[in-house]
Trainee: 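Sharing a structure with you now.
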Amino acid sequence: RKTAATVQRKDCSMPPSTGQNWFSQGSQQYADCRPDYPPALAQWLSQLALPLGEVVDVGCGPGQLPRLLADYFSPVIDVNPSAEQLRNAS
């Protein structure tokens with residue numbers, strides 16, 4: 001698990017003139033630079049959910065939340081319109 005102590009800071013700037021977007025062409029950089037969700041969020045969501053055991057994260061991005069949800073749900077289904085983001089999520 002990444003922590004502030006183990007994550008090496010990367011250049012998270014993207015010049016506006018590149019025409020690149022974070023969600024497809026720069027998805028690895030997006031995954032590296034996006035802040036993590038607090039683990040308590042997954043626990044809180046599990047308390048609100050119906051006891052079906054499964055969850056779908058629509059717009060999962062690089063999969064940070066689904067990795068946390070896996071401690072509480074099975075299966076966790078990741079959905080994202082960007083194939084590049086889904087590759088990072090798996």
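Worth saying up front: this structure is predicted, and the values here are computed from it rather than measured.
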Trainee: Going by heavy atoms in the side chains, are Val56 and Val79 under 4.5 Å from each other?
Mentor: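 Counting from C-beta outward, Val56 and Val79 do come under 4.5 Å.
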
Trainee: Can you tell me how far CG of Asp57 sits from CZ of Arg67, rounded to the nearest 0.5 angstrom?
Mentor: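 The distance works out to 10.5 Å.
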
Trainee: What distance do Asp36 atom CG and Leu68 atom CG have between them, rounded to the nearest 0.5 Å?
Mentor: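 It is 7.5 Å, given to the nearest 0.5 Å.
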
Trainee: Would you check if Gln85 and Pro62 make a side-chain contact, meaning some heavy-atom pair closer than 4.5 Å?
Mentor: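 Contact flag for Gln85/Pro62 side chains = yes.
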
Trainee: Check whether any side-chain heavy atom of Leu41 sits under 4.5 Å from a side-chain heavy atom of Leu65, and report yes or no.
Mentor: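 The answer is yes; the side chains approach within 4.5 Å.
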
Trainee: Report the residues that fulfil side chain to side chain contact (heavy atoms under 4.5 Å, CB included) with Val76, sequence neighbours left out, ordered by chain and then residue number.
Mentor: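 Side chain to side chain contact (heavy atoms under 4.5 Å, CB included) check on Val76 returns Val55, Pro66, Leu69, Ala70, Phe73, Asp78.
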
Trainee: Does Leu86 sit in a hydrophobic cluster with other residues, and if so which ones, taking ILVMFWY side chains as linked at heavy-atom separations under 4.5 Å, directly or through other members?
Mentor: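 Under the 4.5 Å side-chain rule, Leu86 groups with nothing.
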
Trainee: Are Val58 and Leu48 in one and the same hydrophobic cluster, where Ile, Leu, Val, Met, Phe, Trp and Tyr link if side-chain heavy atoms are under 4.5 Å apart?
Mentor: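 Not linked; separate clusters.
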
